[in-house]
Amino acid sequence: MGLSEEVGSRPLRERIAGLLLDSVPGSEPEFPYAANFTPEQIAELRQFLPERLARAAVLVPLVERPDGLNVLLTLRASHLKNHAGQISFPGGRIEDADAGPWAAALREAHEEIGLEARYVSLAGYLRDHVVISGFRVTPVVAFVQPGFVLKLDTTEVEDAFEVPLDYALDPANQVPRERHFAGHTIVTHDIRYQDRQIWGATATMLLTLSRLVRTGRP
């Protein structure tokens with residue numbers, strides 16, 4: 001069963017807006033690489049991360065195109081210290097001057113890809129995700145009106161592109177893959193689109209949104 005059959009006739013934008021309406025940032029974190037692990041196993045994996053996780057936020061930009069929503073993604077520069085060459089959402093560390101995850105996500109999106117805040121409206125927040133680089137990340141879901149012009153900061157971002165959201169959220173396009181971390185074999189999922197491969201925390205955040213859309217539960 002594809003995503004459209006599971007969700008039904010209710011427009012995807014309307015469903016996402018309704019499900020995220022009362023969401024708040026900073027909800028109980030999810031360990032992206034250990035979704036099926038026991039609490040004891042997650043606690044063991046947690047030992048390999050810093051005692052205090054740095055707070056970060058990413059913008060999950062859903063572009064409102066005439067034929068439906070697209071998710072806007074970036075390809076990180078190959079020389080970066082963390083997650084070099086990976087597909088990701090625009091985002092980064094929450095700074096002291098930021099009012100919260102929403103402000104940080106907007107700022108980072110403007111700095112990285114030149115996306116202006118006037119085109120962006122908040123939909124809500126997914127649960128926090130812990131990533132192995134030592135960050136606790138708040139995914140900020142937002143709707144983006146067309147008309148924007150991107151200007152990439154090439155020191156951080158090599159490319160930006162869009163993927164149809166219903167494709168990214170469809171379980172048929174989420175391919176299981178085994179990875180190894182701290183002596184454990186962990187089953188994650190990749191999303192392959194054309195010549196791109198979305199994986200790691202970015203794919204897991206999309207899977208979290210997919211689960212929410214399909215079941216109505218975080």
Side-chain angles (χ1 to χ4, degrees), residues 12-13 16-17 20 23 25 32 54-126 128-129 131 133-169 190-206 208-209:
L12 188 54
R13 187 198 189 283
I16 290 172
L20 294 178
S23 60
R55 296 302 301 270
V58 297
L59 190 70
V60 183
L62 306 182
V63 184
E64 301 186 74
R65 298 298 184 190
D67 55 350
L69 295 174
N70 285 353
V71 58
L72 176 62
L73 295 159
T74 69
L75 177 65
R76 291 173 61 82
S78 57
H79 63 266
L80 293 176
K81 178 181 178 181
N82 293 322
H83 311 294
Q86 293 185 14
I87 291 172
S88 67
F89 296 115
R93 187 186 297 267
I94 300 175
E95 305 291 351
D96 291 340
D98 294 322
W102 168 234
L106 282 179
R107 175 182 54 76
E108 287 282 349
H110 186 259
E111 291 175 359
E112 290 183 8
I113 60 175
L115 181 62
E116 296 181 39
R118 62 192 175 101
Y119 293 100
V120 187
S121 60
L122 177 65
Y125 304 91
L126 301 178
D128 284 3
H129 285 62
V131 298
S133 53
F135 287 88
R136 176 173 172 170
V137 183
T138 299
V140 183
V141 182
F143 299 116
V144 182
Q145 293 292 322
F148 59 87
V149 177
L150 298 182
K151 184 178 180 180
L152 306 186
D153 176 359
T154 55
T155 64
E156 294 193 52
V157 176
E158 291 183 5
D159 194 13
F161 62 98
E162 296 181 19
V163 176
L165 184 63
D166 57 357
Y167 179 95
L169 301 191
D190 295 353
I191 301 169
R192 298 168 186 167
Y193 180 72
Q194 297 177 352
D195 60 342
R196 312 278 191 176
Q197 182 162 304
I198 307 163
W199 63 282
T202 302
T204 303
M205 291 175 194
L206 286 170
T208 299
L209 181 58

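Keep in mind the model is a prediction, meaning the values are calculated, not measured.
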Item to check | NZ/NE/NH1/NH2 to OD/OE distance under 4.0 Å, R196 and D159 | outcome: yes
Item to check | Heavy-atom closest pair, residues N70 and P164 | outcome: OD1-CA, 3.3 Å
Checklist entry - Side chain of T138, backbone of D128: donor and acceptor closer than 3.5 Å? => result no
Checklist entry - Going by heavy atoms in the side chains, are L69 and D166 under 4.5 Å from each other? => result no
Checklist entry - Under the ring pair (Phe, Tyr, Trp, His ring centres under 6.0 Å) test, which residues partner F148, sequence neighbours left out? => result none
Next on the checklist: Using every non-hydrogen atom in the two residues, find where G124 and S23 come nearest and quote the distance to one decimal.
Outcome noted: CA-OG, 3.3 Å
Checklist entry - Do the non-hydrogen side-chain atoms of I16 and L165 ever get within less than 4.5 Å of each other? => result yes
Next on the checklist: Test side chain to side chain contact (heavy atoms under 4.5 Å, CB included) on V163 and I191; report intermediate values, then the result.
Outcome noted: CA-CA 10 Å; V163 176; I191 301 169; 5.9 Å; no
Checklist entry - Does the side chain to side chain contact (heavy atoms under 4.5 Å, CB included) test come out yes or no for L73 and F89, once each step is laid out? => result CA-CA 5 Å; L73 295 159; F89 296 115; 3.3 Å; yes
Next on the checklist: side chain to side chain contact (heavy atoms under 4.5 Å, CB included) for L12 and L62? Distances and angles first, verdict last.
Outcome noted: CA-CA 11 Å; L12 188 54; L62 306 182; over 6 Å; no
Checklist outcome for this item: Between the CZ atom in R93 and the CG atom in D98, the distance rounded to the nearest 0.5 Å is 11.5 Å
Checklist entry - What is the minimum heavy-atom distance between A57 and V140, and which atoms define it? => result CB-CG2, 4.4 Å
Next on the checklist: If I compare all heavy atoms of E112 with all of P90, which pair ends up nearest, and what's the gap?
Outcome noted: OE1-CA, 3.2 Å
Item to check | Minimum heavy-atom distance between P139 and V60, given as atom pair plus value | outcome: CB-CG2, 4.1 Å
Checklist entry - Rounded to the nearest 0.5 Å, how far does CG of L169 lie from OG1 of T208? => result 10.5 Å
Item to check | Residue pairs, two or more places apart or on separate chains, that pass side-chain hydrogen bond (donor to acceptor under 3.5 Å, both in side chains) and touch residues 59-68 | outcome: R13-E64, E64-Q145, R65-E162
Checklist entry - Could you go step by step and tell me if V120 and L115 meet the side chain to side chain contact (heavy atoms under 4.5 Å, CB included) rule? => result CA-CA 8 Å; V120 187; L115 181 62; 3.8 Å; yes
Item to check | Value rounded to 0.5 Å, distance of OG1 in T202 from CD in Q197 | outcome: 12.0 Å
Next on the checklist: For the CG atom of L59 and the CG atom of L72, what is their distance to the nearest 0.5 Å?
Outcome noted: 8.5 Å
Item to check | Selection residues 114-123 - residue pairs positive for side-chain hydrogen bond (donor to acceptor under 3.5 Å, both in side chains), sequence neighbours left out | outcome: E116-R118
Next on the checklist: Would you compute the distance between atom CD1 of I87 and atom CZ of F161 and round it to the nearest 0.5 angstrom?
Outcome noted: 3.5 Å
Checklist entry - OG1/T74 to CD/Q86 distance, rounded to the nearest 0.5 angstrom? => result 10.5 Å
